Protein chains: 2
Amino acid sequence: MKLSTRARYGTRALLDLARHEGEKPVQLKEIAGRQNISLHYLEHIIAPLVRAGIIRSTRGARGGLQLTRQPKDVRLSEVIQLLEGTISPVDCIGNPESCERADTCVTRDIWCEMKKAIDATLDSVTLQDLVEKQERKEAPLKQNA
Amino acid sequence: MKLSTRARYGTRALLDLARHEGEKPVQLKEIAGRQNISLHYLEHIIAPLVRAGIIRSTRGARGGLQLTRQPKDVRLSEVIQLLEGTISPVDCIGNPESCERADTCVTRDIWCEMKKAIDATLDSVTLQDLVEKQERKEAPLKQNA
DNA sequence: ACAAAGTTTACTATTTTGGTCAACAATGGA
DNA sequence: TCCATTGTTGACCAAAATAGTAAACTTTGT
Ligand code: FES
Ligand code: FES
C-alpha cells in the first residue's frame with residue numbers, strides 16, 4: 001500500500017507548475033530543478049498528464065507546460081488516478097473476473113470500502129488547496145506578524 | 001497502492017480460521033486447502049500473526065492454529081498492519097526523516113490524511129463482522145424463506 | 001538553418017513480490 | 001522410545017514492478 005514515486009513526484013511537479021504559472025509556459029527543466037527530480041524521469045511522469053489533457057505542452061524554443069484548467073478545478077483523485085494507474089487495493093474491484101467467486105467474497109467488500117475512503121480523501125483536495133497550503137507554510141513570519 | 005497477496009491471503013486465512021474454530025486446533029493444511037493457497041506460502045504469511053499473538057499455534061501431532069481472542073476483538077487494522085508491514089502511502093509519515101524538508105511539504109499532509117482514511121476503514125471492521133457477512137452470503141436461501 | 005524545447009522508445013539496475021524447498025523443532029501417540 | 005505429524009525457520013529463486021538513464025526524434029521560435 002505504498003504510493004509510487006511517480007505519484008509523489010507527479011503531484012509535486014503539478015503543484016510546482018500551478019505555483020509558477022504565468023503568461024509564459026513553465027519549462028520541465030525548471031520544475032525538475034526546483035523539485036530536485038531527474039529531468040528524464042520527470043518526462044515520463046508528466047506524459048500521462050499531458051495525454052489526459054490536464055497539462056498543455058508546447059514544444060520548441062520558449063515552449064513549456066501550462067495547466068489547461070484552473071488549479072481549483074484539478075482534483076487530486078484525478079491526478080493520482082492518472083499517475084498511479086489505479087488506486088484499487090485489489091484488481092477485482094475494477095473487474096470482478098480477476099478473482100474467482102468474487103460474488104461471494106466478503107473481503108472484497110472491505111477492500112472496496114478502502115478504495116472509497118481513499119477516493120473520497122483525494123477527491124476533496126484540489127491543486128488550489130495545495131497551493132494555498134504551501135503559501136501559508138512558506139510565509140510563517142507574515143502569519144505571526 | 002495495491003494490497004499484497006500476503007494481506008489478502010492472510011485475511012482470508014484468518015477468516016477461515018475464525019469460521020472453523022472449535023475445540024480442536026485447525027490445521028494450516030486445512031485452511032490452505034479450503035482457501036486454495038499454497039501451504040508453504042501460507043506458513044510465511046501466518047508467521048507474523050503468530051508472533052504478534054493473534055494466533056496460538058501448537059505443533060506436533062493433532063496440532064494446529066487457534067485464535068487467542070474472540071473474532072469480535074480482532075480488528076482488520078491490526079491484521080493488515082501485521083501482514084502488510086505498514087499501510088502508509090509514504091515512508092515520511094512514520095519517520096519524517098526519510099524525506100528532506102518534510103516539515104514544509106504540503107503533499108505529505110495529504111498522504112497523511114489518506115492513511116487516516118484507510119486506517120479508519122479497517123479499524124471499523126472486525127473478524128466477527130466478516131464471519132457474519134460470510135454467513136449471510138452463504139445462506140441466501142434462508143434469508144429468502 | 002539552428003537551437004531549444006517536449007516526445008518517444010529502448011534499455012538497465014534495483015527492489016519487491018510471490019512463491020518453493022528443505023532442514024529443523026516440538027508434540028502426541030503407538 | 002520412536003515415529004508420524006504438525007508448525008517454524010531460513011535459504012533460495014523467478015517474475016514483475018519500480019525507478020531511472022540514454023538517446024533518437026519532433027516541433028517550434030528566431
Ligand atoms: S474477490 Fe477479489 S479479493 Fe475476494
Ligand atoms: S515529506 Fe515525504 S512526501 Fe513530502
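What you see is a predicted model; the values in this text were computed from it and never measured. Side chains included, hydrogens not; waters and symmetry mates left out as well; all remaining heavy atoms used.
- Along DNA chain C, read 5' to 3', the first and last nucleotides having any atom under 4.0 Å from a heavy atom of chain A are dA4(C) to dA10(C).
- K2(B) has no carboxylate O lying under 4.0 Å from a charged side-chain N of E84(A), or vice versa, which leaves the two without a salt bridge.
- Both S4(A) and G64(B) sit near DNA chain D, but only G64(B) has its closest nucleotide nearer the 5' end.
- Within a 6.0 Å sphere centred on CG of N36(A), other residues, nucleotides and ligands contribute 12 heavy atoms or fewer.
- For the pair K2(A) NZ and dA19(D) P, the computed distance is 11 Å after rounding to whole Å.
- Defined by atom type and a distance below 3.5 Å, a donor-acceptor pair is missing between the side-chain atoms of S38(B) and Y9(B).
- When atom types are taken as modelled, the side chain of E21(B) and the backbone of L67(B) share a donor-acceptor pair closer than 3.5 angstrom.
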Enumerate, atom names and distances included, each donor-acceptor pair closer than 3.5 Å involving a side-chain atom of residues 71-80 of chain A, sequence neighbours excluded.
unit_1	atom_1	unit_2	atom_2	d
R75(A)	NH1	D123(A)	O	2.6
S77(A)	OG	D123(A)	OD1	2.5
E78(A)	OE1	R69(A)	NH1	3.0
E78(A)	OE1	R69(A)	NH2	3.3
E78(A)	OE2	R69(A)	NH2	2.8

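- Non-hydrogen atoms lying under 4.0 Å from DNA chain D are contributed by E43(B), H44(B), all within residues 37-44 of chain B.
- Listed by first and then second residue, the salt bridge (Lys or Arg N to Asp or Glu O under 4.0 Å) pairs involving residues 45-66 of chain A amount to none (not counting sequence neighbours).
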Audit row: T121(A), W111(B), side-chain contact (heavy atoms from CB on, under 4.5 Å) steps and yes/no: CA-CA 9 Å; T121(A) 303; W111(B) 314 144; over 6 Å; no
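- Judged by distance alone, with hydrogens and angles left aside, the side-chain atoms of S57(B) form no donor-acceptor pair with the main-chain N or O of L65(B) at under 3.5 Å.
- Rounded to whole Å, the distance from CD1 on I45(B) to P on dT9(D) is 15 Å.
- Of all the residues in residues 5-25 of chain B, not one reaches under 4.0 Å from DNA chain D with any non-hydrogen atom.
- Annotation: side chain of V106(B) is in contact with side chain of K137(A) (closest heavy-atom distance under 4.5 Å).
- One finds a salt bridge joining D119(B) and K115(B) here, because a Lys/Arg side-chain nitrogen approaches an Asp/Glu carboxylate oxygen to under 4.0 Å.
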Kindly give the atom pairs (protein nitrogen or oxygen, nucleotide nitrogen or oxygen) under 3.5 Å for nucleotides 27-30 of chain D.
unit_1	atom_1	unit_2	atom_2	d
dT27(D)	O2	G60(A)	N	3.3
dT28(D)	O2	A61(A)	N	3.3

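- R108(B) contributes no side-chain N or O that, together with a main-chain N or O of A102(B), makes up a donor-acceptor pair within less than 3.5 Å.
- In this structure, R51(B) and E84(A) both approach DNA chain D, and ranking their closest nucleotides by distance from the 5' end singles out R51(B).
- Both M1(A) and A47(A) sit near DNA chain C, but only A47(A) has its closest nucleotide nearer the 5' end.
- Atom CG of residue L42(B) and atom CG of residue L28(B) lie 4.5 Å apart, to the nearest 0.5 angstrom.
- The shortest distance between side-chain heavy atoms of R34(B) and V26(B) falls below 4.5 Å.
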